[in-house]
Amino acid sequence: MQRKKISFAILTAIVGLGTLLSGCGENGEVTSTVSSNSQGEPGQFATKMKISMFNQGTFNAAAPIPPRDEDIQRQMLENEMNIDLDMMIPQAGQATTKLNTLIAGGDIPDLIFLKSRADLAQYYDQGVLADLTPYLDQFPELQKRFSDDSWEAMSYQGKTIGVPGYDNVNGISRSFFIRNDWLKKLNMEVPTTPDELFEVMKAFTEKDPDGNGKNDTYGFIGGMNKEGNLQTYGFDSLMWMFGVNPPSAIEVKDNEPVFLFIDPKMKEALAYINNMMTAKVVDPDWVTMNSPDLLDQKMFKGKVGFMIRDARRLEPDYQQKMKEISGEVPEWIVIPPMKGPYGDQIVERKSFQGNSWAISAKADKDKIIRILSMLNYLFTDKEAYPNFAYGIKGIHWDLVDGKIKNKTSELSKEMKEKYLWVDHYRMPRRGDDAEYFSFQNPKTAEAFMNNQKYVGPTLPGNLLTPDPSDTLDADRQRFINESLVKFMTGKEPLSNWDNFLQTLDTKFDMQKYKDTAIKQFKEAGLIK
């Protein structure tokens, strides 16, 4: 198919309530009726309709659903759309089982939140989900609300089978932290290139920046998850300086897929990290760092000068933990990512839009229109936005000097627990909305906003779905990850790089993976 072109607005521009639709034309064509009702007045839809929602997209699955007369957000949706909303919240870890049980019993929910594109495609193949292509052009504001990348993730076999679930948050979790007090102590500047960063990490390791006369500081600490994957734990951020990353980092250039994890530039990235290992600027405990909590403990102890961590570590609660554990609050600052030798300056890639809203194939046209109208209202109505994103007016937010002020961080523990259920409705919150996060330290908000400049576009490799006939897929991925770790630690010399590529081809049938990528990229219109 040809890649569907959808114009998009910057996420910070939330538009007013768009066209609301009802009714169907002849010959199966969908026609629209513009509604003048933007305040939830009666008459927008003449007939009340029952909508069942399977909401595993809630931000708090443990929160009980309140009675209708206490559930302000539910009342807003029901009044605006003239519906009775029956919302199901599956318990954490039980969503798939619960949904499959409903489907097997023929009781498919009208509106289903799915957490992965693989699930979206699978349920569509099983005939569970509706094709939304004939209807979405009638909702231009909903289309504008999400980016091209997000809508592309909703495309499957030439059809749009879902609506993006909610914005992923970028530009905060992988912030580049450095000890500014150590830089000052050593009369060094904030690094801007990989070479400058290396020199800073070396000085942090060798020149006693904390002044205690002991050889107990390191330039960097990273890690890998329990499956041996380097992504999200710091080393992958160093690789981005060279424009490469582990699987599934695949982009398209000159009408060809480029597999960044075996690109020649990966050798340079691995050589850089190997130099760090050889110079002993990496805390040797990195091999045990397989969870974010362990990395946080390293940050709190104050013996590492450069880390990739969440910008929210600047918030008061985390600053207090630093003081309790190390006896001081280090002068951590968030800096821009280094600009690599090929011009890459990436804090992270925009997260893939895996989550989605899907509609039951059993829904008729009227119900599909009503559900899409509800999503249109939920995600694009300017006046409704704070009621869903922040919570209840007067409790979670209020108008202060004519501007919305999120007060969630000021609430007592008891009040927060009393209204946990508002988390069931927070999906419309924008991924770049600093007010939503209610940062207490202005430096956190500043880092969050500054990082947005260095969030790269989503890579097309995320669109790939596993080929069931590719029996070597899991072993191939494991071999790639293990090999990258061996190269960067020096257990395998980089002179064996060509042998690594040859083994991928001969033992793990890399060509089959490449063929799968080419086939699916062609289907998505990314290559011709």
Side-chain angles (χ1 to χ4, degrees), residues 174 176-225 228-242 244 246 266-292 294-309 325-326 328 330-333 335 337-338 340-341 481-497:
R174 302 190 192 185
F176 283 56
F177 274 90
I178 200 163
R179 288 284 298 264
N180 196 40
D181 49 344
W182 286 9
L183 287 174
K184 293 175 182 177
K185 175 78 177 295
L186 301 177
N187 294 316
M188 302 187 80
E189 300 293 329
V190 171
T192 60
T193 67
D195 289 344
E196 291 176 3
L197 175 62
F198 184 86
E199 293 304 316
V200 165
M201 291 188 292
K202 197 167 185 294
F204 283 172
T205 304
E206 299 174 351
K207 296 186 178 181
D208 191 25
D210 61 354
N212 69 353
K214 299 179 182 179
N215 185 24
D216 61 354
T217 59
Y218 291 95
F220 179 75
I221 181 70
M224 57 185 174
N225 65 19
N229 196 313
L230 295 168
Q231 288 177 310
T232 77
Y233 284 76
F235 288 110
D236 59 326
S237 296
L238 300 180
M239 293 177 179
W240 275 132
M241 297 189 300
F242 298 86
V244 294
M266 178 57 84
K267 284 183 65 177
E268 298 179 51
L270 295 170
Y272 181 88
I273 298 174
N274 179 249
N275 287 339
M276 291 170 57
M277 297 284 188
T278 302
K280 298 182 179 180
V281 306
V282 180
D283 186 327
D285 287 344
W286 76 267
V287 294
T288 65
M289 297 290 107
N290 58 18
S291 75
L294 291 173
L295 284 168
D296 279 344
Q297 289 301 313
K298 283 290 182 180
M299 181 178 230
F300 300 157
K301 289 178 181 178
K303 293 297 182 179
V304 177
F306 174 65
M307 295 182 70
I308 311 298
R309 298 304 300 131
I325 293 174
S326 67
E328 65 172 345
E331 189 186 350
W332 286 104
I333 60 173
I335 64 174
M338 311 307 116
N481 284 319
E482 290 175 352
S483 298
L484 295 181
V485 172
K486 288 179 180 179
F487 282 130
M488 75 184 203
T489 58
K491 290 183 178 180
E492 188 80 25
L494 276 166
S495 58
N496 287 344
W497 179 258

Note: Glu189 and Leu183 closest approach over all heavy atoms is O-CD2, 3.7 Å

Is a side-chain N or O of Arg179 found less than 3.5 angstrom from the main chain of Asp210, in a donor-acceptor match?
no

Ring geometry between Phe487 and Trp497 (parallel below 30°, tilted from 30 to 60°, perpendicular above 60°):
tilted

Check this for me: Asn212, atom CG, are more than 12 non-hydrogen atoms of other residues, nucleotides or ligands nearer than 6.0 Å?
yes

Nearest non-hydrogen partners of Pro246 and Asp236, listed with the distance:
CD-CB, 4.3 Å

Asp296 side chain to Leu294 backbone, donor-acceptor under 3.5 Å:
no

I'd like to check Ile273 versus Met239 (side-chain heavy atoms, cut-off strictly below 4.5 Å). Are they in contact?
yes

Specify the closest pair of heavy atoms between Ala269 and Val244, including all atoms of both residues, with the distance to one decimal.
CB-CG2, 3.8 Å

Per ring pair (Phe, Tyr, Trp, His ring centres under 6.0 Å), Trp286 is matched among Phe235, Phe220, Tyr233, Tyr218 by Phe235

Taking the side chain as every heavy atom from C-beta outward, state whether Phe176 and Leu197 have any atom pair closer than 4.5 Å.
no

Apply side-chain contact (heavy atoms from CB on, under 4.5 Å) to residues Thr489 and Val287 and explain how you reach the verdict.
CA-CA 10 Å; Thr489 58; Val287 294; over 6 Å; no

Find out whether Leu230 and Met488 are in side-chain contact, i.e. whether some heavy atom of one side chain is under 4.5 Å from a heavy atom of the other.
yes

Indicate, with yes or no, if the rings of Phe204 and Phe306 have centres closer together than 6.0 Å.
no

Atom pair CE (Met276) and NZ (Lys202), whose distance is rounded to the nearest 0.5 Å
13.0 Å

Look up atom CZ in Arg309 and atom CZ in Phe177, then write down how far apart they are to the nearest 0.5 Å.
8.5 Å

Smallest separation among heavy atoms of Met307 and Leu295, with atom names
CE-O, 3.3 Å

Does atom NZ of Lys486 have more than 12 heavy-atom neighbours, drawn from other residues, nucleotides or ligands, at distances under 6.0 Å?
no

Does the side chain of Met266 reach to within under 4.5 Å of the side chain of Leu484, using non-hydrogen atoms?
yes

Is any side-chain heavy atom of Trp332 less than 4.5 Å from a side-chain heavy atom of Asn180?
no

Beyond-backbone contact of Tyr272 with Pro194, side-chain heavy atoms, under 4.5 angstrom
yes

With a 3.5 Å distance limit and no angle check, can you tell me whether Asp208 reaches the backbone of Gly213 through a side-chain donor-acceptor pair?
yes

Rounded to the nearest 0.5 angstrom, the CE-CG distance for Met338 and Asp195 is 12.0 Å

Can you tell me how far CD1 of Ile308 sits from CE of Met299, rounded to the nearest 0.5 angstrom?
9.5 Å

When rounded to the nearest 0.5 Å, the distance separating CD1 of Ile221 from CE of Met289 is 5.5 Å

Gln297 and Ile325, any side-chain heavy atoms less than 4.5 Å apart
yes

Glu492 side chain reached by Leu270 side chain, heavy atoms, under 4.5 Å
no

Smallest heavy-atom separation, Thr217 atom then Pro209 atom, equals OG1-CD, 3.4 Å

Could you tell me the separation between the NZ atom of Lys185 and the CD atom of Glu331, rounded to the nearest 0.5 Å?
13.5 Å

Do you know which two heavy atoms are closest between Asn215 and Thr205, and how far apart they sit?
OD1-O, 3.7 Å

